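Order of the sequence lines fixes the chain letters, A, B, ..., with proteins taken first and strands second; residue numbering starts at 1 for each chain. All heavy atoms count here, side chains included; hydrogens, waters and symmetry mates do not. The shown structure was predicted, so the numbers you read here are calculated from the model rather than taken from an experiment.
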Protein chains: 2
Amino acid sequence: MTEPMYMRISEDLRRQIETKELRPGEQLPTELELRQQYDASRNTIRDAIKLLIGNGLVETRPGQGTYVVEKMDPFVTTLSADPGTGAPGGDGGAYLSEVSEQNREAFSSPPQVGIQKAVGLISARLRIPEGTNVISRHQQRFIDGTPWSMQTSFFPMDFVTRGAARLIGADDIQEGMAQYLADALGLKQVGYRDWITVRVPNSAEADFLKIPMDGRVPVFELLRVAFDESGTPLRVTVTIFPTDRNQFIVNVGDVPPPLSLPKEDDQERTG
Amino acid sequence: MTEPMYMRISEDLRRQIETKELRPGEQLPTELELRQQYDASRNTIRDAIKLLIGNGLVETRPGQGTYVVEKMDPFVTTLSADPGTGAPGGDGGAYLSEVSEQNREAFSSPPQVGIQKAVGLISARLRIPEGTNVISRHQQRFIDGTPWSMQTSFFPMDFVTRGAARLIGADDIQEGMAQYLADALGLKQVGYRDWITVRVPNSAEADFLKIPMDGRVPVFELLRVAFDESGTPLRVTVTIFPTDRNQFIVNVGDVPPPLSLPKEDDQERTG
DNA sequence: GCAAATTTGTTCGTATGTATT
DNA sequence: CAATACATACGAACAAATTTG
């Protein structure tokens, strides 16, 4: 009796989904039907479904119903690459190639370029005074037509005056940002630091990523600071990924290639 | 008018917190008071507070009230270490030393050791048949008295029969697991792969980590598979971290040491 | 194209349970 | 034990999105 009703309902529905009693793509009973099945109020049913959404097991479509998510393979971003070699995963340059390796169709919107004053976190990470102008480049990304991530990169303004004019152009930099900064300014990127946090989306993020704006689906915030040989920050990139369809992998040392893409989302009870 | 009321209330309260109008540790008005202030129902107030909890800005204490979280510095786990050198962050061995570097007091519960049958994800990652016996070692961890993470490691059963008897002892392995396996079995760990996902906690996790069990605070699930020189998995470790007080850092290539611990949680609007 | 029916989203009100002071 | 405050659960109404006739 100690376990709340919404949790028991959620666990029962989860079991049905994991045992394929409810198949991917299938519609769950409506809230009204579930209310009758479990003899609970509509709000209690909705509390139960919220937990399933947080687990990425179902999605709700207003006006239609609640559906078991198609086992859309989660997109896996590898944060660590062979140091020195190819561009790292998750970064602008490597995005398209990494996606195509997984037999998926990637698309990036043209960059929305702007100039703004660096404040707070951005100025601190770029190590420039608050209020200094910075270039921002914002892109929205899709995989197989599904909105996947939102990325904004920030560069010191003087990169442009020193010769990297394409930074303020609204065109993709095909060769990759690290390569372009090396070519245009002689700045050699030797490493980066990623900082991973989780929070609830703001309304702009929820809107683009097609996730509920009430916080049931959190987002990863990946903040990447790239450095040159002298340890000077070259750029700050913030990427937002919805947690219901994104995962990260970090390889350290010698590791064998993955056997296959993860296909199980099993919740092993580790407690 | 398009933005729901609970969201506008949440944003107003967030502004008050970020401008220190409501100071860390301070109690928010009670739900009843907020209901009067914003002329909203109690459920709407609670929806607004849910978003603040998801952002790690406030916490609710039943019977007491809702409080602005003390700017408990988030614990930052570094997933990538100098390859070859010290034990990696987040793993059992390095946990205590990494924490003390941040001037914090760490404590690990004695391991709860058991033998269970490998199923699903565990057997797949250890590359052993389903149903094979594995050793599990479970620990709960605290920092400065606050529950911080729950970790369970899984080892093939034959490690014990081959000489690693301490694996089934309920004592800490002080020298670190990688070192012990090298000493006892001659198995040399040369790398590992981390796989980061986010989900809602189960009731056991919510109970220990002192987070609401209704999914307002998600958890990181960090799955680490360590490999030896031949690419054979040595162990699988699953660690659960509540997202409201944990962050990860990944360093790739040459990066300068962090200037200081992150102290700002500013939500830069990146959209 | 429009209206009705269906389904989820938001908001209100109320009552009772549980934890803390 | 009583008071306070959050947690759970019930019921109801209207709005917004979608599908169907």
Peer 1: Among dC10(D), dA17(D), dA7(D), which nucleotide sits nearest the side chain of M5(A)?
Peer 2: dC10(D)
Peer 1: Would you tell me if any nitrogen or oxygen in the side chain of R216(A) comes within less than 4.0 Å of OP1 or OP2 on dG9(C)?
Peer 2: yes
Peer 1: Tell me whether the OP1 or OP2 atom of dT10(C) has a side-chain N or O from Y6(B) closer than 4.0 Å.
Peer 2: yes
Peer 1: May I ask you to decide if P242(B)'s main-chain N or O and N246(B)'s side chain share a donor-acceptor pair within less than 3.5 Å?
Peer 2: yes
Peer 1: Find which nucleotide of DNA chain D each of I45(A) and P62(A) is nearest to by heavy atoms, and output the residue with the more 5' nucleotide.
Peer 2: I45(A)
Peer 1: Could you tell me how far apart K50(B) (NZ) and dT10(C) (P) are, to the nearest whole angstrom?
Peer 2: 11 Å
Peer 1: In terms of the nearest nucleotide of DNA chain D, which residue is placed more toward the 5' end: N43(A) or D214(B)?
Peer 2: D214(B)
Peer 1: Below 4.0 angstrom from OP1 or OP2 of dT10(C), is there any side-chain N or O of T44(B)?
Peer 2: no
Peer 1: Kindly indicate whether a cation-pi arrangement holds for R61(B) with Y67(B), taking the cut-offs as under 6.0 Å to the six-membered ring centre and within 45° of the axis.
Peer 2: yes
Peer 1: Please state whether the rings of F220(A) and F248(A) are parallel, tilted or perpendicular, taking 30° and 60° as the class boundaries.
Peer 2: perpendicular
Peer 1: Within less than 4.0 Å of OP1 or OP2 of dG9(C), is there a side-chain N or O belonging to T60(A)?
Peer 2: yes
Peer 1: Below 4.0 angstrom from OP1 or OP2 of dT8(C), is there any side-chain N or O of R46(A)?
Peer 2: no
Peer 1: Identify which nucleotide among dC6(D), dG9(C), dT7(C) has an atom closest to any side-chain atom of T30(A), counting heavy atoms from C-beta outward.
Peer 2: dT7(C)
Peer 1: Counting only side-chain nitrogens and oxygens, does Q64(B) get under 4.0 Å of the OP1 or OP2 atom of dT21(C)?
Peer 2: yes
Peer 1: Would you tell me whether E11(A) and N202(B) have side-chain atoms, one donor and one acceptor, within less than 3.5 Å of each other?
Peer 2: no
Peer 1: Rounded to the Å, how far apart are R42(B) CZ and dA9(D) C1'?
Peer 2: 11 Å
